[in-house]
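Working notes, beginning with the structure itself.
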Amino acid sequence: VQLQASGGGLVQAGGSLRLSCAASGRTFTNYIMGWFRQAPGKEREFVAAVKWSGGSTYYADSVKGRFTISRDNAENTVYLQMNSLTPEDTAVYYCAAAAGKTIISISGMDYWGEGTLVTVSS
């Protein structure tokens, strides 16, 4: 399984970015796909997740109403649309995948992609 994250960059506070996670190597029908982030000096944290089958979504409280996770079945890609960004959103963002899980946790993810850096300037 390969997860390739892209779309990070430098943006001013209040701006938007869309991250992409291209997944390959297997069928992800029973997978849950997640975005996590790790800010400098902090632990990695959950951001958002989507069930590949059915499309149910889950968000951390800190991003609800600002971030939207979605998936494109045809392209095997998961997106994270990030709006109203603040400097507190600055982090390396990782996409991850877990098979057959009902609880989303960092330790429970089976596959991780390389991170993409998001920097929000004030």
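Because the structure is predicted, anything quoted here is derived from the model rather than measured.
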- [ ] Please report the closest heavy-atom contact between Ala60 and Phe46, naming both atoms and the distance.
- [x] CB-O, 3.4 Å
Task: Side chain to side chain, Tyr31 and Arg71, heavy atoms closer than 4.5 Å - done: no
Open item on the list: Test of understanding: clusters of I, L, V, M, F, W, Y form through side-chain heavy atoms closer than 4.5 Å, transitively. Do Val78 and Val1 belong to the same one?
Closed with: yes
Open item on the list: I need the minimum non-hydrogen distance between Tyr79 and Asp72, along with the two atoms involved.
Closed with: CE1-CB, 3.9 Å
Task: From CD (Gln4) to OG (Ser20), nearest 0.5 Å - done: 10.5 Å
TODO: Can you measure from CG (Leu17) to CD (Gln81) and round to the nearest 0.5 angstrom?
DONE: 8.5 Å
Open item on the list: Are Val63 and Val118 linked, directly or through intermediate hydrophobic residues, by side-chain heavy-atom contacts shorter than 4.5 Å (ILVMFWY only)?
Closed with: yes
Task: Phe36 with Tyr58, same ILVMFWY side-chain cluster at under 4.5 Å - done: yes
- [ ] Nearest 0.5 Å please: distance from the OG1 atom of Thr86 over to the CZ atom of Arg66.
- [x] 5.0 Å
Open item on the list: Between Ile106 and Trp112, is there a side-chain heavy-atom distance shorter than 4.5 Å?
Closed with: yes
Open item on the list: If I take atom CE from residue Met82 and atom CZ from residue Arg18, how far apart are they, to the nearest 0.5 angstrom?
Closed with: 11.5 Å
TODO: Taking the side chain as every heavy atom from C-beta outward, state whether Arg37 and Ser62 have any pair of such atoms under 4.5 Å apart.
DONE: yes
Task: For Ile69 against Met33, the heavy-atom pair lying closest together - done: CD1-O, 3.9 Å
- [ ] Check the hydrophobic clustering (I, L, V, M, F, W, Y; side-chain heavy atoms under 4.5 Å; chains of links allowed) and say if Trp52 and Ile32 are grouped together.
- [x] no
Open item on the list: Tell me whether Tyr111 contacts the main-chain N or O of Ala99 through its side chain, where contact means a donor paired with an acceptor under 3.5 Å.
Closed with: no
Task: Closest contact, heavy atoms only, Phe67 versus Tyr59 - done: O-CE2, 3.2 Å
- [ ] Please check if the side chain of Thr27 supplies one atom and the backbone of Thr29 the other of a donor-acceptor pair under 3.5 Å.
- [x] no
- [ ] Is it possible for you to say whether Leu10 and Leu85 belong to one hydrophobic cluster, with membership spreading through side-chain heavy-atom contacts below 4.5 Å?
- [x] no
- [ ] Please check if atom CD in Glu114 has more than 12 non-hydrogen atoms from other residues, nucleotides or ligands closer than 6.0 Å.
- [x] no
Task: Inter-residue atom distance Trp35.CH2 - Leu19.CG, 0.5 Å rounding - done: 4.5 Å
Open item on the list: Give me the atom names and distance for the closest heavy-atom approach of Leu3 to Ala23.
Closed with: CD2-CB, 3.7 Å
TODO: Please check if the side chain of Thr90 supplies one atom and the backbone of Val120 the other of a donor-acceptor pair under 3.5 Å.
DONE: yes
Open item on the list: So which atom in Asn76 and which in Arg26 form the shortest heavy-atom distance, rounded to 0.1 Å?
Closed with: ND2-O, 4.1 Å
